[in-house]
Chemist: 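Before I ask anything, here is the structure I am working with.
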2 protein chains.
Amino acid sequence: MHEQDAGLRVVHLLRAVTVELDRIGERFAARHALHPTDVRALICLLDAARTGTPATPGTLGAHLGLNSAGTTAVIDRLERLGHVRRERDTRDRRRVLLRVDESAVALGWSFFGPLIHEIVAVMGRFDAADQATIEGFLVGVHEAVTRERASREQHL
Amino acid sequence: MHEQDAGLRVVHLLRAVTVELDRIGERFAARHALHPTDVRALICLLDAARTGTPATPGTLGAHLGLNSAGTTAVIDRLERLGHVRRERDTRDRRRVLLRVDESAVALGWSFFGPLIHEIVAVMGRFDAADQATIEGFLVGVHEAVTRERASREQHL
DNA sequence: AACAAGAATCTCGCTGAGCGAGATATTGTC
DNA sequence: GACAATATCTCGCTCAGCGAGATTCTTGTT
C-alpha cells in the first residue's frame with residue numbers, strides 16, 4: 001500500500017464527503033422552502049452571530065459571492081420567512097444590521113445537530129493521539145485547499 | 001482538551017473544507033464559461049468514464065438531482081462546448097450514450113490535478129500508521145454522512 | 001456650513017437555469 | 001398487433017441572480 005495510493009483514496013473520500021454534505025444541504029433546503037443559497041446565507045449569519053461579528057448585507061453578499069441585488073433578494077426571502085430581521089445601524093445609518101431570529105437558530109440546530117452527533121461518534125472510536133492526528137490532517141488540508149483557492153483567484 | 005471539543009473542531013474543519021472545495025468549483029466554472037451544475041455533471045461523467053460505467057442522460061440527471069428537462073439543458077450546454085457527444089445506443093435505441101471528449105478529460109485534470117497534489121503532500125507528512133488512521137476516519141465519516149442523508153431522504 | 005466624493009443598500013428590467021406537463025420514439029409483454 | 005413501460009426531448013413558465021442606476025447617509029475638503 002503506497003502512500004500515493006492512500007493520498008488518492010483520501011482525495012476521493014474528501015470529495016465524496018463534500019458531495020454528501022452538499023446533498024444534505026439541498027434536501028434540507030427543499031424541506032424548508034429554502035434555496036441552497038438561503039441555507040448558505042443562514043449558516044453564514046449563524047456563524048456571525050456565534051462569533052459576535054455584526055452581519056450586514058454587504059458582508060453577507062461578499063461571503064456568498066452575490067452582488068448587491070442578489071443579496072437583497074436573499075435577505076428579502078429570509079425576512080419573509082421570519083428567520084432574519086433588518087435593523088438600521090444607529091451609528092452609521094447607511095448600514096443595515098441583520099439579526100437572526102430564534103427560529104433560524106432552531107433551524108440551524110435541526111440541520112447540524114444530527115451531523116455533529118454522528119461525527120463526534122466517529123471521533124469517539126479513536127484514542128486521543130489518533131484524534132490529534134486526524135485534526136492535524138484536517139487543519140493541513142484546510143490550509144492547503146484555502147491556499148489553492150487563493151492562488152486560483154489571484155490569476156483571474 | 002476533551003474528546004467532544006475535538007469532535008466539534010473536526011466538524012467545523014470538515015465544513016470549512018467543504019466550503020472551500022465548493023468555492024474552487026465555482027471559480028473553475030466561472031473561468032471556463034460553465035455553471036456549477038455543469039462542473040458537477042463533468043465530474044460525474046468523468047467518474048463514469050473512469051469506472052467504465054455507461055453514462056446516459058437518465059443516470060446523469062439522477063446523480064445531479066435534475067429532472068429530464070434540466071438534464072437535457074445541461075447536456076446541450078456541454079455538447080455545445082465540445083466536452084460531450086451524444087451517441088444513440090445501438091442495443092436500445094431509446095437510450096443516448098454520453099461520451100466525454102479529450103477536452104473534458106484535460107479540463108478535469110486541470111481542476112483536480114493541483115488539488116490532488118496538495119492533499120497528497122499533506123498526507124506525506126504522516127507515517128503509514130497515521131495515514132491509515134486518517135483514512136479510517138474519513139471512511140467512517142463518509143459512511144456516517146451517507147447514512148444521515150439516506151435517513152433524511154427516507155422520511156421525506 | 002456647503003459641497004463633492006464615497007459607501008451601503010435598494011429598485012428595475014433582463015437573462016437564463018431548472019421545473020411541470022406533455023410529445024415522441026423505442027422496447028418488452030400479453 | 002395493441003398496450004404499458006421506458007428514455008429522451010420540446011414548450012412555456014417561474015424565479016434566482018446580474019448589470020445599471022437610484023437613493024440615502026457619511027466623511028473629508030474648502
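Note on naming: letters A, B, ... go to the chains in the order of the sequence lines (proteins, then strands), and numbering restarts at 1 for each one. The model shown is predicted, which means the values in this text are computed figures rather than measured ones.
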Chemist: Is atom CZ of B:Arg86 surrounded by more than 12 heavy atoms (other residues, nucleotides or ligands) closer than 6.0 Å?
Modeler: yes
Chemist: B:Leu97 CG to D:dT8 P: how many Å, rounded?
Modeler: 9 Å
Chemist: Whole-Å distance between C:dC10 P and A:Asp76 CG?
Modeler: 7 Å
Chemist: Would you name the heavy atoms of A:Gly108 and A:Leu46 that are closest together and state the gap between them?
Modeler: CA-CD1, 3.9 Å
Chemist: For A:Leu60 and C:dA8, give me the distance from atom CG to atom P, rounded to whole Å.
Modeler: 15 Å
Chemist: Reading nucleotides 18-30 of chain C from the 5' end, what letters show protein touch, with B for base, S for backbone sugar-phosphate only, - for no heavy atom under 4.0 Å?
Modeler: SBB-----BS---
Chemist: Show which side-chain atoms of residues 117-129 of chain B pair as donor or acceptor with protein atoms under 3.5 Å away, not counting sequence neighbours.
Modeler:
from     : atom 1 : to       : atom 2 : distance (Å)
B:Glu118 : OE1    : A:Arg147 : NH1    : 3.2
B:Glu118 : OE2    : A:Arg147 : NH1    : 3.4
B:Asp127 : OD1    : B:Ala129 : N      : 3.2
B:Asp127 : OD1    : B:Asp130 : N      : 2.8

Chemist: Compare every heavy atom of B:Ala49 with every heavy atom of B:Val100, then report the nearest pair and how far apart it is.
Modeler: CG2-CB, 4.0 Å
Chemist: Cluster question for you: counting only ILVMFWY and a side-chain heavy-atom cut-off of under 4.5 Å, with indirect links fine, are B:Val141 and A:Val19 together?
Modeler: no
Chemist: Can you confirm if the NZ or CZ of A:Arg15 lies within 45° of the ring axis of B:Phe112 and under 6.0 Å from the centre of its six-membered ring?
Modeler: yes
Chemist: To the nearest angstrom, how far is A:Glu87 atom CD from C:dT9 atom P?
Modeler: 14 Å
Chemist: I need the CD-C1' distance between B:Glu26 and D:dG17, as an integer number of Å.
Modeler: 13 Å
Chemist: Atom CZ of A:Arg80 to atom C1' of D:dC15: distance rounded to whole Å?
Modeler: 11 Å
Chemist: In whole angstroms, how far is the P atom of D:dG17 from the CG atom of A:Leu78?
Modeler: 11 Å
